[in-house]
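See structure below.
Everything numeric in this text was worked out from a predicted model, so none of it was measured.
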Amino acid sequence: MSLEEFCAHPLISPLGWPVDVLDQFLYEHGAHEPFHQDYGHIDLSRISWTEQVITADEFCLMPTGASEDDLIDYIAENPDHHIGTRTSGVHEGVGEWWAERGTWKRRPLLLDRALVTPGSTGLQVLEGRTRVGVLKGRRRQGAYVAAQHLAWAGHPSPAPEDRRPGEPFTAA
């Protein structure tokens, strides 16, 4: 099914998520087993997505899901290789974006850790581990990296029964 058909599906469209988030999280990685291990218990209807500015320092300290917790550091060991493998489709021009702008071409997805483990604080990388690994590796190399970066951040939203009448389901 196409991305457009996927987004219009009756189980997906009520989420009210931005298309880029739906694409990266559910459309591209809905069958990715590590995602099921790390995030399968989360009620997707309780996530509200917003664009946020996150500093490079914050990204360099940010974890990812437990099933792939070493992936960001693995990618950071050789960021140039991982940039070089991104050359076609949505990845076309990624190397130029890093060289000229010091950031990624497509915003990664971050998730409030309270959604993963109640009582936890901070954000973790949901999707975009390669992008964050490249950022971390380029910084370590002394290559140009912007001080701030855009990301999609998913935070807890009230349960439908906890919302006031007329309040939006999510804040997309």
Side-chain angles (χ1 to χ4, degrees), residues 15-86 90-91 94-95 97-98 101-159 170-172:
L15 293 172
W17 292 4
V19 172
D20 193 31
V21 173
L22 287 171
D23 184 16
Q24 291 186 66
F25 186 3
L26 301 179
Y27 188 71
E28 289 181 10
H29 291 89
H32 188 57
E33 185 56 36
F35 272 42
H36 291 267
Q37 292 171 17
D38 295 339
Y39 310 112
H41 65 286
I42 297 172
D43 179 353
L44 300 181
S45 70
R46 302 278 313 267
I47 304 174
S48 177
W49 293 93
T50 57
E51 288 183 294
Q52 283 187 227
V53 175
I54 308 290
T55 68
D57 291 340
E58 291 172 292
F59 270 114
C60 287
L61 297 174
M62 205 174 285
T64 191
S67 65
E68 295 182 311
D69 67 344
D70 59 344
L71 186 56
I72 291 172
D73 287 329
Y74 171 78
I75 291 164
E77 291 174 12
N78 193 354
D80 297 329
H81 166 75
H82 293 282
I83 289 171
T85 63
R86 307 289 198 254
V90 297
H91 303 297
V94 165
W97 275 74
W98 278 108
R101 295 174 176 93
T103 192
W104 34 71
K105 185 176 175 184
R106 189 175 193 193
R107 293 166 183 83
L109 308 182
L110 309 178
L111 198 59
D112 189 314
R113 286 195 236 153
L115 289 162
V116 180
T117 306
S120 297
T121 60
L123 295 168
Q124 73 179 49
V125 180
L126 169 69
E127 171 47 17
R129 297 170 304 263
T130 299
R131 287 164 270 183
V132 174
V134 166
L135 179 147
K136 196 171 182 177
R138 285 179 56 87
R139 271 186 63 151
R140 190 177 307 143
Q141 291 175 335
Y144 172 58
V145 172
Q148 297 182 329
H149 306 266
L150 286 173
W152 288 108
H155 295 281
S157 61
T170 60

### Task
Just do the side-chain contact (heavy atoms from CB on, under 4.5 Å) check on Gln37 and His32 with the steps written out, would you?
CA-CA 9 Å; Gln37 292 171 17; His32 188 57; over 6 Å; no

### Task
Verify side-chain hydrogen bond (donor to acceptor under 3.5 Å, both in side chains) between Gln52 and His155, making sure each step is shown before the conclusion.
CA-CA 11 Å; Gln52 283 187 227; His155 295 281; 2.6 Å; yes

#### Entry: Candidate pair Thr64 and Gln124, rule side-chain contact (heavy atoms from CB on, under 4.5 Å), full reasoning
CA-CA 5 Å; Thr64 191; Gln124 73 179 49; 5.5 Å; no

Least distance between heavy atoms, [X] atom then [Y] atom:
| X | Y | answer |
| --- | --- | --- |
| Ser157 | Ser45 | OG-O, 3.7 Å |
| Ser67 | Pro34 | OG-CB, 3.1 Å |
| Leu150 | Arg107 | CD1-NH2, 3.1 Å |

### Message
Please evaluate residues Glu127 and Phe25 with respect to the criterion side-chain contact (heavy atoms from CB on, under 4.5 Å), reporting the C-alpha separation (whole Å), side-chain torsions for both, the decisive distance (0.1 Å), and the verdict.
### Response
CA-CA 7 Å; Glu127 171 47 17; Phe25 186 3; 5.8 Å; no

### Validation row: Pro156, Ile47 side chains within 4.5 angstrom (heavy atoms)
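Pro156 does not reach Ile47 side chain to side chain.
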
### Query
Do Phe59 and Leu110 have side-chain heavy atoms sitting under 4.5 Å apart?
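Contact flag for Phe59/Leu110 side chains = yes.
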
I need the [X] [atom1] to [Y] [atom2] distance, nearest 0.5 Å.
| X | Y | atom1 | atom2 | answer |
| --- | --- | --- | --- | --- |
| Leu15 | Leu26 | CG | CG | 7.0 Å |
| Asp20 | Gln24 | CG | CD | 4.5 Å |
| Lys136 | Arg129 | NZ | CZ | 14.0 Å |
| Thr130 | Leu135 | OG1 | CG | 12.5 Å |
| Arg113 | Met62 | CZ | CE | 8.0 Å |

#### Entry: Of Leu123, Val125, Ile42, the residue whose pairing with Leu111 passes side-chain contact (heavy atoms from CB on, under 4.5 Å)
Ile42

List, one per line, each side-chain donor-acceptor pair under 3.5 Å for residues 139-148, sequence neighbours excluded.
residue : atom : partner : partner atom : Å
Arg139  : NH1  : Asp57   : OD1          : 2.8
Arg139  : NH2  : Asp57   : OD1          : 2.8
Gln141  : NE2  : Asp80   : OD2          : 3.4

### Task
Examine Trp49 together with Trp152 and report whether their ring centres are nearer than 6.0 Å.
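No, the ring centres sit 6.0 Å or more apart.
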
### Task
Indicate yes or no for a side-chain donor-acceptor contact from Thr117 to the backbone of Ala114 under 3.5 Å, with no hydrogens or angles considered.
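Absent.
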
### Message
Main chain of Leu126, side chain of His29: is a donor-acceptor contact present, judged purely on distance under 3.5 Å?
### Response
no

### Query
side-chain contact (heavy atoms from CB on, under 4.5 Å) between Val116 and Asp38: does it pass, once the steps are laid out?
CA-CA 8 Å; Val116 180; Asp38 295 339; 6.0 Å; no

### Query
Distance under 6.0 Å and angle within 45° of the ring axis: does Arg106 meet both against Trp104?
no

### Message
Can you see whether Thr103 engages His149 through a side-chain donor-acceptor pair at a distance of less than 3.5 angstrom?
### Response
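Looking only at side-chain atoms, His149 and Thr103 do form a donor-acceptor pair, the distance falling under 3.5 Å.
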
